[in-house]
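Here the structure comes first, spelled out in structure tokens, and everything after it is commentary.
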Amino acid sequence: MSRGKVGVIVAPANPSAEPELTRLFGSRADMHVTRFPVRHRPARAEHLESYAERLEGYNEALPAMLRAFDGLPLSAMVMACSEPRYLLGPDEDRDQCAELTAAAGVPFTTATQATREAMEHVGVNDIVLVSPYQPWLTELAERFWKSAGLNVTQVVQVSAKGGYSSYALTPAELIRQVELAELPMDAALLFTGTGMATLPVLGPLSTGTDRLLLTSNLCTAWWALSRTVGQHVTLGQVPHRRPMAAQGRRPA
């Protein structure tokens with residue numbers, strides 16, 4: 001079978017996007033990764049540059065990152081990094097994806113736009129937002145999804161032992177904190193953040209329920225595979241209370 005090639009752009013220290021996308025792509029696509037540039041700073045630079053400024057730097061660097069793959073023939077390209085896009089509005093995010101698609105000559109999207117399209121695909125309107133970000137960024141994420149037309153019924157703020165960090169949060173910590181939130185058994189949960197390990201939590205948090213569980217990496221893989229195979233694949237690995245795609249479509 002001819003395998004597609006997906007170009008993936010990630011943040012420098014992201015530990016989860018590549019392992020999870022590799023698992024989700026399976027035998028249907030190869031992944032080729034480039035990372036946003038690391039800014040070399042003096043020891044105290046963390047105090048001199050705000051987190052928001054670093055996220056803005058990722059957005060600013062994105063158009064130039066398309067050239068990182070040079071002449072590699074790709075089926076699709078994705079920015080597997082959600083946080084910077086929450087500094088934008090959903091329409092700006094979508095419009096820039098269209099501009100970068102034209103510039104790259106292949107379909108391009110961001111993790112947030114892929115998630116938006118996946119939720120439209122399965123007909124989700126109400127979501128519980130599960131966020132590992134600092135509260136100010138969680139507020140921006142909630143505003144982003146509300147501006148995209150979704151009803152955010154609840155926000156579950158989760159954190160690692162040492163503080164807010166999508167990279168440091170363990171699956172066990174994530175499961176425990178979501179369970180403590182006592183969410184409805186038929187809720188649609190959106191786990192935002194490609195750097196958060198989410199595949200291990202899908203089974204434990206869905207068993208015995210009718211919940212729909214969507215993650216940034218799951219939606220990104222769905223989008224990329226759909227472009228690679230030329231038709232929408234289904235989100236068949238995610239429990240749901242009703243069929244999520246027409247019969248005959250390929251399972252994710």
Side-chain angles (χ1 to χ4, degrees), residues 1-11 13-35 65 68-69 72-82 97 101 104 106-124 130 166-167 169-171 174-175 188-207 211-252:
M1 183 177 68
S2 177
R3 293 164 64 94
K5 292 181 174 63
V6 180
V8 180
I9 305 169
V10 299
N14 187 319
S16 300
E18 289 147 296
E20 294 204 343
L21 291 176
T22 296
R23 180 178 170 186
L24 290 165
F25 286 167
S27 63
R28 288 160 293 182
D30 292 322
M31 180 172 57
H32 303 273
V33 178
T34 188
R35 283 178 142 71
M65 294 299 296
F69 298 102
L72 182 65
L74 298 172
S75 306
M77 296 174 61
V78 296
M79 175 186 175
C81 188
S82 302
C97 287
T101 291
V106 297
F108 174 90
T109 200
T110 59
T112 42
Q113 180 62 19
T115 300
R116 187 178 178 183
E117 292 186 26
M119 289 191 289
E120 291 174 354
H121 179 64
V122 297
V124 169
V130 182
S166 58
Y167 297 168
L169 183 68
T170 68
L174 179 55
I175 291 170
L189 278 62
L190 172 59
F191 296 80
T192 183
T194 63
M196 180 169 59
T198 50
L199 292 186
V201 313
L202 298 183
L205 291 177
S206 63
T207 300
R211 290 173 180 157
L212 166 63
L213 305 183
L214 295 175
T215 78
S216 295
N217 286 329
L218 185 64
C219 294
T220 296
W222 167 82
W223 183 92
L225 287 175
S226 294
R227 271 64 187 178
T228 297
V229 303
Q231 62 176 324
H232 280 312
V233 298
T234 68
L235 295 169
Q237 291 179 331
V238 186
H240 195 39
R241 57 185 173 274
R242 63 178 182 274
M244 290 189 292
Q247 187 176 2
R249 288 175 175 168
R250 304 184 188 186

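- Of all heavy-atom pairs between Val10 and Val8, the closest is CG1-CG1, 3.7 Å.
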Side chain to side chain contact (heavy atoms under 4.5 Å, CB included) evaluation trace for Val6 with Leu21: CA-CA 10 Å; Val6 180; Leu21 291 176; over 6 Å; no
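- Contacts of Glu20 classified as side chain to side chain donor-acceptor pair (under 3.5 Å), with partners at least two apart in sequence or in another chain: Thr198, Asn217.
- Across all their heavy atoms, Leu74 and Phe69 have their closest contact at CD1-CG, 3.8 Å.
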Side chain to side chain contact (heavy atoms under 4.5 Å, CB included) between Leu174 and Val130, intermediate numbers included: CA-CA 9 Å; Leu174 179 55; Val130 182; 4.0 Å; yes
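- Smallest separation of non-hydrogen atoms from Ser75 and Thr228: CB-OG1, 3.7 Å.
- Heavy-atom minimum distance, Pro15 versus Tyr167: CD-CD2, 3.4 Å.
- Under the 3.5 Å distance criterion, the side-chain polar atoms of Arg211 are matched with a main-chain donor or acceptor of Leu205.
- For Arg227 against Glu117, the heavy-atom pair with the smallest separation is NH2-OE1, 3.0 Å.
- Residues that satisfy the side-chain contact (heavy atoms from CB on, under 4.5 Å) test with Val106, not counting sequence neighbours, are Met77, Ala104.
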Under 3.5 Å, which donor-acceptor pairs link side chains of residues 188-197 to any protein atom two or more places apart or in another chain?
unit_1 : atom_1 : unit_2 : atom_2 : d
Thr192 : OG1    : Tyr86  : OH     : 2.7
Thr192 : OG1    : Tyr133 : OH     : 3.4
Thr194 : OG1    : Asn14  : ND2    : 3.0
Thr194 : OG1    : Ala80  : O      : 2.8

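- Residues forming a side-chain contact (heavy atoms from CB on, under 4.5 Å) with Thr170 (at least two apart in sequence, or on another chain): Ala172, Glu173.
- For Pro19, there are no side-chain contact (heavy atoms from CB on, under 4.5 Å) partners at least two apart in sequence or on another chain.
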Steps toward side chain to side chain contact (heavy atoms under 4.5 Å, CB included) verdict (Phe108, Met79): CA-CA 8 Å; Phe108 174 90; Met79 175 186 175; 4.0 Å; yes
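- Considering all non-hydrogen atoms of both residues, Ser82 and Ser216 come closest at OG-OG, 3.5 Å.
- Taking the charged nitrogens against the carboxylate oxygens, Glu18 and Arg23 have no contact shorter than 4.0 Å, which rules out a salt bridge.
- Side-chain contact between Thr215 and Leu202 is present, with at least one heavy-atom pair separated by less than 4.5 Å.
- With sequence neighbours excluded, no residue satisfies side chain to side chain donor-acceptor pair (under 3.5 Å) with Glu120.
- The existence of a salt bridge linking Asp30 and Arg3 is confirmed by a sub-4.0 Å separation between a basic side-chain nitrogen and an acidic carboxylate oxygen.
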Side chain to side chain contact (heavy atoms under 4.5 Å, CB included) assessment of Leu214 paired with Met119: CA-CA 8 Å; Leu214 295 175; Met119 289 191 289; 3.6 Å; yes
